Novice: 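Okay, handing you the structure first.
Computed from heavy atoms alone, side chains included, the values below leave out hydrogens, waters and symmetry copies. Keep in mind it's a predicted model, so treat the numbers as computed, not measured. Chain identifiers are assigned alphabetically (A, B, ...) following the order of the sequence lines, protein sequences preceding nucleic acid strands; residue numbering begins at 1 within each chain.
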Amino acid sequence: MLARYLPLLQCYGNIMGRTTIIARPLLASNFSTNRTTSQDANASAQSEGRREEQDSSSKEDDVKFKIFNAALPLVHQLGWTKECLEAGAESIGLSKSSHGIFEHGGTSFVHFFHRNCNKELRKIAKDEQIESAKSDELTKVHQLLEQRLQMILPYLPQWPQAMALMARPHSSLDSYKLLYELADDICFFAGDRSLNATWYTKRAAVAGLYITGELSLVQDKSANCDESWRMLARRIDDLRKVEEFGGSCSRQQEILKDIAQSSLTLIRNLTGMQSYQRNSR
Amino acid sequence: MASLIRRTLLLRTFCRAKRFTCHSQYVHQESAGAERMSNSSKESNETHFGFQTVKESEKADKVYEVFEEVAQSYDKMNDAMSFGIHRLWKDIFVDRLAPSKPCKILDVAGGTGDIAFRIAKYLRNSDGGGITVCDINQAMLDVGRKRASELGFSGMEWLQGNAECLSSIADNTYDSYTIAFGIRNVTHIDKALKEAYRVLKPGGQFMCLEFSQVQNENLRWLYDQYSFQAIPVMGQLIAGQWKAYQYLVESIRQFPNQEEFAGMIERAGFAFVRHENLTFGVVAIHCGHKL
């Protein structure tokens with residue numbers, strides 16, 4: 001994941017003429033399966049293509065996708081279960097045993113659904129060219145989050161079952177991976193190119209927002225889930241305020257530093273300690 | 001007097017076992033695979049039968065003899081050799097298969113019906129309907145049929161046939177094809193896999209439970225010692241069959257390892273091929289789908 005930002009990193013180093021402490025995205029190196037810790041330019045091209053490779057399909061993926069698409073409308077009657085996959089397979093003329101393609105039954109079904117939604121989100125972000133839009137980062141994050149959350153709306157009555165399946169210890173590692181990928185995609189397409197600790201905080205915030213949104217939707221009784229969308233907008237506003245406050249804090253910090261330095265010089269002058277330096281010159 | 005005779009017999013059997021330990025180390029150094037053996041002796045149409053080389057035409061008969069001899073005490077010996085763990089392996093196998101009614105399942109080389117009964121139990125309230133057990137050996141089928149009637153599975157079919165040539169079964173008939181601890185006894189594994197592909201419906205699942213290679217080297221050494229020292233002895237003491245169980249442990253070493261076998265399954269035309277190790281690789285479940 002770091003290698004996506006590697007060209008920027010190198011530019012920054014050259015321009016500023018000094019080394020910068022770069023917070024390496026440790027989470028990224030844990031999750032990326034194709035990469036080692038080497039940071040070649042080749043590796044950067046590879047990892048950029050990693051998510052896009054998943055988007056291209058093979059014959060096997062086509063069949064899996066067909067079964068998935070055939071099973072989705074049946075989720076309302078049969079839930080996120082192996083039986084739903086069997087019914088989907090039968091409806092397209094394959095044997096019931098095709099459910100084995102989804103190795104862990106209902107859990108694999110939900111996992112595939114999430115991956116598919118993430119893929120669609122990436123496609124929407126590219127098609128609508130959100131990255132190059134004029135609005136600020138947080139607005140884009142809001143927009144992408146809403147679109148992603150809307151993808152689960154058709155299956156809302158059965159969504160608690162899906163959430164339970166992904167929360168099991170057996171599938172929790174996969175869930176974290178999916179959530180990380182989603183947060184990373186949203187931040188990337190919103191235009192985040194940070195190279196310090198804010199890389200982590202932003203993704204954690206987006207992941208937290210997604211989960212809050214999901215939980216809110218599941219128990220929302222208002223018309224068109226308006227309460228949840230309003231809640232999401234309020235959270236984005238909160239984040240905006242935190243960002244402004246943080247920015248003003250750092251300005252305050254510089255002023256405070258200047259004040260502290262000059263008072264120290266004053267005290268040294270007054271107590272005569274400064275004179276030592278003067279005499280030594 | 002009787003104890004003296006027993007002790008001499010045991011001493012003789014242990015001496016025999018020692019010879020085969022050396023042979024097994026040789027086999028591992030050679031990393032023998034079924035294909036390689038048959039490739040090298042293709043001109044003379046020979047294949048392996050354990051560590052012996054026999055004509056291909058004879059192997060099926062020899063395997064038949066082995067299982068005819070052991071049929072009666074097959075289940076008892078399975079329990080003794082694996083300390084009952086084979087039951088867990090088979091339970092996990094059926095759990096992975098996850099069948100549901102109504103479906104047609106073919107259990108090949110399933111002589112005494114272990115897998116078939118487990119599948120019937122998994123499908124609750126089933127009388128075994130939709131399950132066909134196929135075996136080359138009539139003696140094994142007879143044992144299985146008797147057990148089925150005791151357990152009340154009247155709907156099961158018992159079919160005698162060769163896994164390499166299931167001529168009595170039409171194309172695209174079955175939803176699932178299972179073969180547990182049987183495929184290594186087949187002379188031409190690729191033919192058996194092609195037949196499996198033929199009889200399955202599109203989307204059908206091929207599942208194979210078989211002894212495979214232990215990944216960890218130290219554990220592999222332990223496993224070899226146990227296989228060559230203890231199992232033939234147990235076979236002699238419990239079932240009165242030394243050679244049959246010697247053939248068993250030798251045939252395990254001749255069978256391709258997990259990745260090679262997965263490659264063979266893919267070459268037969270299956271997709272979504274995957275495998276899972278159980279008990280550190282002592283057995284492996286291979287799975288594939290016909291698309």
Side-chain angles (χ1 to χ4, degrees), chain A residues 33 53-54 56-75 77-113 115-116 161 165 168-171 173-174, chain B residues 92-107 115 119 122-124 126 129-132 169-179 196-209 262 265-266 269-277 285-291:
Chain A
T33 48
E53 268 167 30
Q54 283 180 13
S56 68
S57 65
S58 65
K59 187 187 165 223
E60 284 187 3
D61 291 336
D62 282 341
V63 172
K64 196 168 177 179
F65 193 66
K66 274 195 201 129
I67 299 175
F68 169 74
N69 270 339
L72 265 184
L74 305 167
V75 165
Q77 293 107 3
L78 300 167
W80 301 94
T81 56
K82 176 193 97 173
E83 284 74 26
C84 185
L85 290 166
E86 283 177 351
E90 273 185 321
S91 69
I92 57 171
L94 290 176
S95 156
K96 280 174 90 159
S97 310
S98 313
H99 72 78
I101 293 173
F102 294 84
E103 280 178 49
H104 302 291
T107 318
S108 299
F109 192 11
V110 179
H111 185 265
F112 196 82
F113 176 78
R115 267 187 54 199
N116 199 44
Q161 187 193 13
L165 283 171
R168 284 162 154 189
H170 183 232
S171 44
L173 191 62
D174 286 331
Chain B
I92 294 174
F93 182 65
V94 172
D95 195 57
R96 295 290 181 265
L97 177 66
S100 50
K101 283 197 278 195
C103 60
K104 295 193 71 175
I105 302 178
L106 177 67
D107 181 30
I115 297 292
I119 293 174
Y122 190 98
L123 309 164
R124 312 245 177 91
S126 170
I131 305 176
T132 308
I169 301 178
D171 295 2
N172 302 329
T173 323
Y174 286 98
D175 290 300
S176 301
Y177 177 111
T178 59
I179 181 164
Y197 192 85
R198 183 183 68 81
V199 304
L200 277 173
K201 287 183 191 163
Q205 192 170 24
F206 167 84
M207 298 251 327
C208 173
L209 176 69
I265 299 175
E266 274 180 8
F270 289 100
F272 295 105
V273 177
R274 56 198 184 272
H275 63 88
E276 182 189 348
N277 280 344
I285 298 178
H286 282 79
C287 185
H289 285 264
K290 171 175 176 175
L291 286 184

Novice: Let's test your reading of the structure: which of A:Ser98, A:Ala89, A:Gly100, A:Ser97 forms the most heavy-atom pairs below 4.5 Å with chain B?
Specialist: A:Ser97
Novice: With only heavy atoms counted, which part of B:Arg96 is less than 4.5 Å from chain A, the side chain, the backbone, both or neither?
Specialist: neither
Novice: Distance check, rounded to the nearest 0.5 Å: A:Leu94 atom CG versus B:Lys290 atom NZ?
Specialist: 11.0 Å
Novice: Checking heavy atoms, do the side chain of B:Leu200, its backbone, both or neither come under 4.5 Å from chain A?
Specialist: neither
Novice: To the closest 0.5 Å, what do you measure between CG (B:Leu291) and CG (A:Asp62)?
Specialist: 10.5 Å
Novice: Does any backbone or side-chain atom of A:Glu86 lie under 4.5 Å from a heavy atom of chain B? Answer side chain, backbone, both or neither.
Specialist: side chain
Novice: Got a second to check how far B:Lys101's NZ is from A:Lys96's NZ, nearest 0.5 Å?
Specialist: 10.0 Å
Novice: Would you indicate whether B:Arg274, at its atom CZ, is surrounded by more than 12 heavy atoms from other residues, nucleotides or ligands within a distance under 6.0 Å?
Specialist: yes
Novice: Work out which heavy atom in B:Ala98 is nearest to a heavy atom in A:His99; give both atom names and the distance.
Specialist: O-NE2, 3.0 Å
Novice: Which answer fits B:Pro99, side chain, backbone, both or neither, if we ask what part of it has an atom under 4.5 Å from a heavy atom of chain A?
Specialist: backbone
Novice: Which answer fits A:Lys82, side chain, backbone, both or neither, if we ask what part of it has an atom under 4.5 Å from a heavy atom of chain B?
Specialist: side chain
